[in-house]
Amino acid sequence: MKLTLKIWRQTNANDKGSFETYNLDNISTDMSFLEMLDVLNEQLVTEKKFPVSFEHDCREGICGACSMVINGQPHGPMKGTTTCQLHMRSFNDGDTIVIEPFRSRAFPVIRDLVVDRSAFDRIIQAGGYISVNTGQAQDGNAIPIEKDTALAAFDSATCIGCGACVAACPNASAMLFTSAKVSHLAKLPQGEVESTKRVLGMVNQMDQEGFGKCSNTGACEAECPKEISIENIALMNREYLKASISSDKMG
Amino acid sequence: MKLDAKIPKGPLAEKWENYRGTMNLVAPNNKRRIDIIVVGTGLAGASAAATLGELGYNVKVFCFHDSPRRAHSVAAQGGINAAKNYQNDGDSVYRLFYDTVKGGDYRSREANVHRLAEVSRNIIDQCVAQGVPFAREYGGLLANRSFGGVQVSRTFYARGQTGQQLLLGAYSALSRQIATGGVEMYNRHEMLDLVKVDGKARGIIARNLLTGKLERFAAHCVVLATGGYGNVFYLSTNAMGSNVTAAWRAYRRGAFFANPCYTQIHPTCIPVSGHYQSKLTLMSESLRNDGRVWVPKKKEDCKKDPLSIAEEDRDYYLERIYPAFGNLVPRDVASRAAKNVCDEGRGVGATGLAVYLDFASAIERYGKAAAHAEGIHNPSAEKIKELGRAEVKAKYGNLFHMYNKITDEDPYRTPMKIYPAVHYTMGGLWVDYNLETTVPGCFALGEANFSDHGANRLGASALMQGLADGYFVIPYTIGQFLSKEIRTPKIQNDSKEFMDAEQDVKSRIDKLLNIGGNQSVESFHRRLGKIMWDYCGMSRNAKGLEEARKMVQDLRKEFYSDVFVPGSNDEFNPELEKALRVADFLELGELMIVDAHDRNESCGGHFREEYKSPEGEAERNDADYTYVAAWEFKGMDADPALNKENLEFNDIELKTRSYK
Ligand SMILES: Cc1cc2nc3c(=O)[nH]c(=O)nc-3n(C[C@H](O)[C@H](O)[C@H](O)COP(=O)(O)OP(=O)(O)OC[C@H]3O[C@@H](n4cnc5c(N)ncnc54)[C@H](O)[C@@H]3O)c2cc1C
Ligand code: SF4
Ligand code: FES
């Protein structure tokens, strides 16, 4: 198939950036979206031009590295699918495809489609863990956990930290990402102990990083490649409320 | 050089316990004065950095990813082994040890493997405490499944995302240490050289990938947990960024590289679909429980619709050659058999490099049973298929879905096409019992070292090894080195050694940028991969290896005269990153070939065509090759030197594996 690509090119954070148009021919429908970009890049290198920078690693939908907005949708048109798992058969011969980086104040552009998502790491550092040193653990079967509880915690834990939720949100809020971690740990007995400190720390960090407020549009859930449920946000709000009250009391 | 593995004395089962109890310790006040560099944040690196931070050392940890959570470990699917014996099915530390040594075709070090089996139990406890959501039974206890041909159920799992969940556990422990300031994180930093001062590893040169700036980091010792080198084959199931550079640079600075030719090729992967394929996707080997592997008997049938090929014209070759194990032979055997039939010209698919994995019999069998159970008499063929497909979906639905997403074919109706792919590298930096390389103060953990899997790794044991090394081994054994360093003042990063190493790296980069040739880095990588796959892949022979060595040398020459690397060093430049990695792969490839040529036997993943039984099965040569081949760098113009660590088996009897 033949394609026209309009890709955001930006040399560095200070550069203003703009769209550039490229034409590709002979794209097989069996190629993945990133393989299609590989073809473009190989072509650019042959023309001695700087290839389009984009982030990727596992190409299996699990590392969370790939991150681009395709025709207005983070990770493109297919539901529950990362960019790397998208195939060209989702497009038609002759299509024009617009490709942009994930945009958000908290995710500054590094180059082209690559953005800095280290704010997510700092949110986790602000409490997204259970405080247990190596060697302090009791036997794994000492605390039985109901199967459904374990599954619910697992569902929240499958977040890949890609940031599509932020890119999808009109306010660039990081609530879905943050709440997924808060819920994963709050749902487990091991994690409950520190839940007050955790939710306050993580929400505070999220605000400091410059992410926007949540106004319940649901866009995050719709675009999340791991289909993380918006119910996690409700759970986090309850945890936060509880925590604020108890920390007020502690004064 | 005489290799000393420093295996503690005493009975096998007591070695670790006794050693740990008598090891040199570093007092807390001294720990605060000691700096440690950890390179890598996969299971091995993240667990090591977090634990060393907890102990009070000053740790600096590096990864080339934008976040430690993206390390390649995140992609592991199946599970992690541990000798918990929760199922009461006769598992034990000894059995896990035995299975691992046997699975490795008797080419691993007994003492290390036994220690691995011992600490496997602590890993599960630690991960549960961190909140890793392992699968559970209805009673709330941890669930297990069996894996890779062993006779017990000892594999713990979190759906098909075990690696992700374990890595997030280690990442959370690491994040906690970063928050306390005990560990400093350097993401988007790529180690490009190891720095030695007075013979000891004292630091690294890293390139800040955002700015291109070369930075010098000094410490009392350096821990490498930088993963495997399967991407030397270009196409593999590894993540795109996985590379050998850190280990290779350590090798060039004097760390021996052990058994580089031991590569694991996984039999069930989605085949290559075209020239522009960038990586290969694994399909869980559990599919071989119900799928039958076949190719057409006649070459002329290969391009036909498989459904139109009559039963008598199909060759179920695994069932034919290995009647006792059939489709369930181990990974190495299944992979070689697929290659053989394709080499005969009987492969299927557009490229002729694929075999069928057919679920029709399973669908029929399950369908009939379901019809019977539902009390349907004389069900129609269509009804049987419908019921059967539902059963298969319940078992393998997610895998069939993934297959459909990638290939756009419906495996419920037409057979899947699969082909073997490079998956894991058993070889790596040589380490002693302390996980220390031959460069004092340089340690290697996880897939980057060679120590535990011999010539073939069992399923679900790489995750176990990475976490064992990081959480439970290195935090102790590093003290053997560091206890002698408590009087060593802070290492300065502006000594001559550091400046020279930085200059070396700078020249490497300038050289690549100044070639200004006409071919892309990618195209060289692809060509290297093809040579490695054709001559040093699933089967090897002396003549082919000799030719391949020459081909790799020539390709390397061509690379240095005609590669084109765009841009400059002083910017975010992924092509330059790739060029540096491919340059090292071009050197590693040759060493793998030399090692494969030296090993005149077939064992595990290393199959030499000259050394097989009359029926074509692998033949080990225990009399001459029960050793670890540890290669020593002697300069680019000289052959590497072979150092042997003879393996002694005191607790296990060496046997031949047979699956007929
Ligand atoms: C598809 C797939 C499925 C698998 N499934 C299983 C399974 O079910 N069970 C199992 O036991 N094993 C499995 N494995 C194997 C297992 O995942 C790996 O062997 C293991 O995770 C390796 O961990 P590691 O910590 O050694 O290295 P990695 O996870 O590869 O981490 C390497 C780290 O080093 C960093 N790094 C590398 N080089 C440099 C450098 N020069 N400078 C700075 N940083 C650097 C990287 O950024 C990364 O952080 C699977 C492998 C694959 C490919
Ligand atoms: S919640 Fe979903 S969209 Fe947001 S980071 Fe996690 S996986 Fe990505
Ligand atoms: S590249 Fe890993 S999720 Fe897309």
Side-chain angles (χ1 to χ4, degrees), chain A residues 11-12 28 30-31 34-35 38-39 42 45-46 48-51 53 55-60 62-65 85 87 89 110-111 114 116-118 120-121 124-126 128-141 144-147 150 153-154 157-158 161 184-185 188 190-191, chain B residues 50-51 54 65-67 69-70 72 74-75 84 86 122 124-126 128-131 133-142 158-159 161 164-165 168 172-173 175-176 178-179 187 210 239-241 273-274 276-279 281 405-406 408 471-472 475 520 522 564 566-567 571-572 574-575:
Chain A
T11 322
N12 54 49
S28 145
D30 284 336
M31 274 181 194
L34 297 184
E35 283 166 354
D38 291 341
V39 172
E42 186 123 11
V45 173
T46 331
K48 311 242 153 151
K49 291 185 183 141
F50 203 92
S53 300
E55 206 123 43
H56 64 106
D57 197 27
C58 73
R59 296 204 175 188
E60 285 186 12
I62 193 74
C63 74
Q85 289 214 301
H87 283 77
R89 65 183 79 94
I110 290 169
R111 182 165 204 154
V114 179
D116 181 354
R117 289 170 284 180
S118 50
F120 273 10
D121 285 331
I124 299 294
Q125 285 155 22
Y129 47 76
I130 292 172
S131 300
V132 52
N133 282 354
T134 303
Q136 289 178 340
Q138 52 183 333
D139 185 83
N141 261 346
I145 299 174
E146 243 185 295
K147 186 172 179 156
F154 178 89
T158 56
H184 156 212
L185 297 176
L188 294 170
Q190 307 93 300
Chain B
T51 308
E54 286 162 11
H65 292 91
D66 70 317
S67 162
R69 67 181 292 156
R70 306 213 202 282
H72 165 58
V74 80
K84 277 288 199 183
Y86 281 159
N122 306 86
I124 301 305
D125 301 340
Q126 188 62 32
V128 168
Q130 290 169 344
F134 283 120
R136 300 211 169 231
E137 308 286 2
Y138 280 105
L141 301 179
L142 292 158
R159 251 181 245 166
Q161 283 145 259
Q164 181 200 24
Q165 294 308 317
L168 292 180
S172 70
S175 297
R176 175 170 161 247
I178 295 172
N187 62 341
L210 289 176
M240 302 293 290
S273 72
Y276 287 107
Q277 186 104 20
S278 60
K279 74 156 285 178
T281 304
K405 223 178 197 173
I406 294 176
D408 203 26
Y471 284 133
F472 296 106
S520 67
E522 199 74 13
F564 173 68
E571 60 185 326
F572 181 75
E575 279 292 305

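In what follows, chains are A, B, ... by sequence order, proteins preceding strands, each numbered from 1. Worth saying up front: this structure is predicted, and the values here are computed from it rather than measured.
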Q: Mind ranking Thr46(A), Thr158(A), Leu188(A), Thr11(A) by heavy-atom pairs under 4.5 Å with chain B and telling me who comes out on top?
A: Thr158(A)
Q | Side-chain touch Ser53(A)/Phe572(B), heavy atoms, less than 4.5 angstrom | A | yes
Q. For the side chain of Glu54(B) and the backbone of Thr134(A), is there at least one donor-acceptor N/O pair under 3.5 Å apart?
A. yes
Q: Heavy atoms only: give me the nearest Gln85(A)-Lys405(B) pair and the separation to one decimal.
A: OE1-NZ, 3.9 Å
**Q.** Distance (rounded to the nearest 0.5 Å) between Arg59(A) CZ and Lys279(B) NZ
**A.** 9.0 Å
**Q.** Toward chain A, the part of Leu210(B) with a non-hydrogen atom under 4.5 Å
**A.** side chain
Q: Heavy-atom distances under 4.5 Å only: say whether Glu55(A) touches chain B with side chain, backbone, both or neither.
A: side chain
**Q.** Charged N-O contact under 4.0 Å between Arg70(B) and Asp57(A)
**A.** no
Q. Is it the backbone or the side chain of Leu142(B) that comes under 4.5 Å from a heavy atom of chain A, or both, or neither?
A. both
Q: Against chain B, label Ile145(A) side chain, backbone, both or neither, depending on which of its atoms sit under 4.5 Å from a heavy atom there.
A: both
Q | Winner by heavy-atom pair count (cut-off under 4.5 Å) against chain A, out of Ser278(B), Ala50(B), Gly241(B) | A | Ser278(B)
(Q) Under a 4.5 Å cutoff for heavy-atom pairs, which residue among Gly191(A), Gly161(A), Ser28(A) has the most contacts with chain B? (A) Gly161(A)
Q | Inter-residue atom distance Glu60(A).CD - Thr281(B).OG1, 0.5 Å rounding | A | 5.0 Å
Q.
Between Gln126(B) and Gly135(A) (side chain of the first, backbone of the second, donor and acceptor by atom type, cut-off under 3.5 Å), is there such a pair?
A. yes
Q. Picking from Ala179(B), Gly567(B), Gly131(B), which has the most non-hydrogen pairs under 4.5 angstrom with chain A?
A. Gly131(B)
Q) For the candidates Asn12(A), Asp121(A), Val45(A), which exhibits the highest count of non-hydrogen atom pairs separated by less than 4.5 Å from chain B? A) Asp121(A)
Q) Does the side chain of Pro566(B) reach to within under 4.5 Å of the side chain of Pro51(A), using non-hydrogen atoms? A) yes
Q) Among Ala153(A), Ala150(A), Ala126(A), Ser131(A), which residue forms the greatest number of heavy-atom pairs with chain B at distances under 4.5 Å? A) Ser131(A)
(Q) Below 4.5 Å, heavy-atom pairs only: which of Arg117(A), His184(A), His56(A), Gln136(A) has the largest tally toward chain B? (A) Arg117(A)
Q) With chain A, which of Lys84(B), Gln165(B), His72(B) has the greatest number of heavy-atom pairs at distances under 4.5 Å? A) Gln165(B)
Q.
Under 4.5 Å from any heavy atom of chain B, what part of Gln190(A) do you find: side chain, backbone, both or neither?
A. side chain
(Q) Which heavy atom of Pro133(B) sits nearest to which heavy atom of Ala157(A), and what is that distance? (A) CG-CB, 4.1 Å
Q: Could you tell me which residues satisfy salt bridge (charged side-chain N to carboxylate O under 4.0 Å, His left out) with Glu146(A), sequence neighbours excluded, listed by chain and number?
A: none
Q: Look at Asn133(A), Ile130(A), Val39(A), Val114(A) and state which one has the largest set of heavy-atom pairs under 4.5 Å with chain B.
A: Asn133(A)
Q.
If we define contacts as heavy-atom pairs under 4.5 Å, which of Ala158(B), Gly274(B), Ser273(B) has the most with chain A?
A. Ala158(B)
Q | Contacting region of Glu137(B) [heavy-atom separation from chain A under 4.5 Å] | A | backbone
Q) Looking at Arg159(B), Gln277(B), His65(B), Gln130(B), which one has more heavy-atom pairs under 4.5 Å with chain A than the rest? A) Arg159(B)
Q: Could you pull out the closest heavy-atom pair between Ile124(A) and Ser175(B), with the gap in Å?
A: CG2-OG, 3.7 Å
Q: Measure Tyr86(B) against the heavy atoms of chain A and call it side chain, backbone, both or neither at under 4.5 Å.
A: side chain
Q) If you take all heavy atoms of Glu35(A) and Tyr276(B), which pair is closest and at what distance? A) CG-O, 3.7 Å
Q. For the candidates Ile124(B), Asp408(B), Ile178(B), Asn122(B), which exhibits the highest count of non-hydrogen atom pairs separated by less than 4.5 Å from chain A?
A. Asp408(B)
Q: With a 4.5 angstrom heavy-atom cut-off, could you sort out which part of Gln138(A) is near chain B: side chain, backbone, both or neither?
A: backbone
Q.
When you compare the side chain of Arg69(B) with that of Phe120(A), does any pair of heavy atoms fall below 4.5 Å?
A. no
